[in-house]
Structures are given as structure tokens and as C-alpha cells.
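Report on the structure given below.
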Amino acid sequence: MSQPTFYYFDGRGKGELIRLLLTYFEVKFTDIRINDINELPQNILDQLPFGQVPYYIDEKIQLSQSLAIQLYLANKFNFTGGDNNEEQKAISNSIVNVAPDVLDHLYKTLNLGASVDDFKNKIIPKFVGRLETLLTKNGGKFFVGTQLSYADLAIFNVVDNLLYFGFNDQLSTYTNLLSQHKSISSLPQLVSYLENRPKATF
Ligand SMILES: N[C@@H](CCC(=O)N[C@@H](CS)C(=O)NCC(=O)O)C(=O)O
């Protein structure tokens with residue numbers, strides 16, 4: 001059986017959580033990193049439903065749209081939410097959907113000239129501050145239920161991006177998010193990937 005192939009830019013952006021999910025579940029995958037969409041082979045370009053990456057292929061599916069790929073993998077590995085009841089899955093998914101709200105702002109701030117002050121003083125407290133509150137309400141270790149799930153990895157990736165791109169001071173009071181980041185960073189399935197992944201500019 002051939003291994004899955006994942007196509008995305010050579011950055012984190014909308015692709016990194018998919019790489020993290022595959023890595024956490026110890027799926028060997030071909031990680032194709034491009035710098036321009038036209039670097040993709042013509043047969044792959046022709047397949048892209050919306051002309052965009054991320055794009056994921058395994059033996060059963062060819063899928064675009066980051067949230068759809070993530071949910072496909074989370075479902076496949078029974079990782080969609082907490083203790084896996086429908087309500088927790090729904091809440092987990094709603095938390096996951098906050099990640100692009102923050103990461104899209106981060107991208108605009110780092111690359112498109114959006115205000116760094118707004119990002120620090122408005123966007124981070126608005127979203128990440130509330131994520132800290134939600135995590136704390138559920139006991140401080142997991143966003144839903146009593147075990148690690150998709151939502152935890154999604155928000156780990158948000159915090160990880162913010163730390164990587166230098167917003168440490170703005171996160172310093174979010175102690176549960178920081179301690180969750182530390183414990184997820186040391187999961188044996190992730191350690192080597194996190195230490196060795198390519199540097200990123202977005
Ligand atoms: N809603 C899509 C957005 C995907 C997207 O914006 N992809 C960008 C890179 S982050 C892209 O492929 N840009 C190249 C292009 O549109 O030509 C998702 O979440 O996957």
C-alpha cells in the first residue's frame with residue numbers, strides 16, 4: 001500500500017496541523033513542500049479542486065481544504081473529541097475552527113502589513129485569552145473530555161506558531177496553554193518531528 005502524499009507550501013500556515021496529525025499517528029507520508037503552486041506537477045495541478053493547497057492523497061481519497069483534511073484524519077484515528085461522544089466532538093470541532101481565525105491574522109500580520117499592535121493587543125487576547133479560559137474550565141489539560149484530542153493539537157499548533165514567531169510576551173499569562181504546549185511538545189511521537197522540521201517564514 002502506497003503511503004499518503006501531502007502537498008503544501010514550505011511553511012506552516014494551513015498545512016502544519018495536517019503534518020502534526022499524520023506525525024502524531026505515526027503515519028509515514030510524503031511531505032511535498034513547494035514555494036510556488038506552479039511547481040506542482042501538471043497532473044496534480046489538474047486535480048486540485050480549487051487550485052489550492054493543502055492537498056492530501058491516500059489510497060482512498062484525494063482531498064483539499066485544510067479543515068476537511070484535518071477532520072478526515074481525526075475521524076480516521078478516532079481523535080475527534082475528548083471521550084468521543086457527539087457533544088464533545090462538536091465542541092472539539094468548534095475549538096478547532098478558532099485556529100484559522102488566529103493563524104489567518106498571524107499571516108496577515110507577518111506578511112501583509114496588518115498591524116502588529118492590533119495583533120498583540122486585540123487579536124491574541126480576544127481568541128487566545130478565551131482559549132485559555134476554556135482550557136482552564138475543563139481542568140487545564142485538555143480542551144474537551146479527559147484525553148488528548150484534535151482540538152488540543154489544533155490549539156497547540158496555534159500557540160506553537162505564536163511562540164515561534166516571537167509573541168512569547170503576549171502569551172506569558174496563559175499558563176495552562178503554555179503548560180499544554182510543553183507537554184504536547186514532549187510527546188514521543190512528536191519530539192523528533194518538532195525538533196527537525198524545516199524553519200518557516202509563515
Ligand atoms: N480554505 C482553504 C484555503 C487554502 C489556501 O488559501 N491555500 C493557499 C496557500 S495557504 C494557496 O493554495 N494559494 C495558492 C493559490 O491560490 O494559487 C483551506 O483552508 O485549505
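Whatever order the structure lists ligands and atoms in, that order sets their numbers, starting from 1. We number each residue from 1, following the sequence as shown.
- Considering I32, L63, I44 in turn, I44 is the only one that fulfils the side-chain contact (heavy atoms from CB on, under 4.5 Å) rule with I57.
- The side chain to side chain donor-acceptor pair (under 3.5 Å) test applied to D58 returns Y56, Y72, not counting sequence neighbours.
- Annotation for R130: atom CZ does not count as buried by contact number, only 12 or fewer foreign heavy atoms lying within 6.0 Å.
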Between ligand 1 and the protein, tabulate every N or O atom pair separated by less than 3.5 Å, reporting distance only.
residue, atom, partner, partner atom, Å
ligand 1, 1 (N), Q65, OE1, 2.8
ligand 1, 6 (O), Q52, NE2, 3.4
ligand 1, 7 (N), V53, O, 2.7
ligand 1, 12 (O), V53, N, 3.0
ligand 1, 12 (O), V53, O, 3.2
ligand 1, 19 (O), S66, N, 3.4
ligand 1, 19 (O), S66, OG, 2.6
ligand 1, 20 (O), S66, N, 2.8

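- The list of side-chain hydrogen bond (donor to acceptor under 3.5 Å, both in side chains) pairs with a residue in residues 93-115, not counting sequence neighbours, reads K14-D104.
- Taking the ring centroids of F167 and F119, they lie under the 6.0 Å cut-off.
- The side chain to side chain donor-acceptor pair (under 3.5 Å) test applied to D31 returns R19, R33, not counting sequence neighbours.
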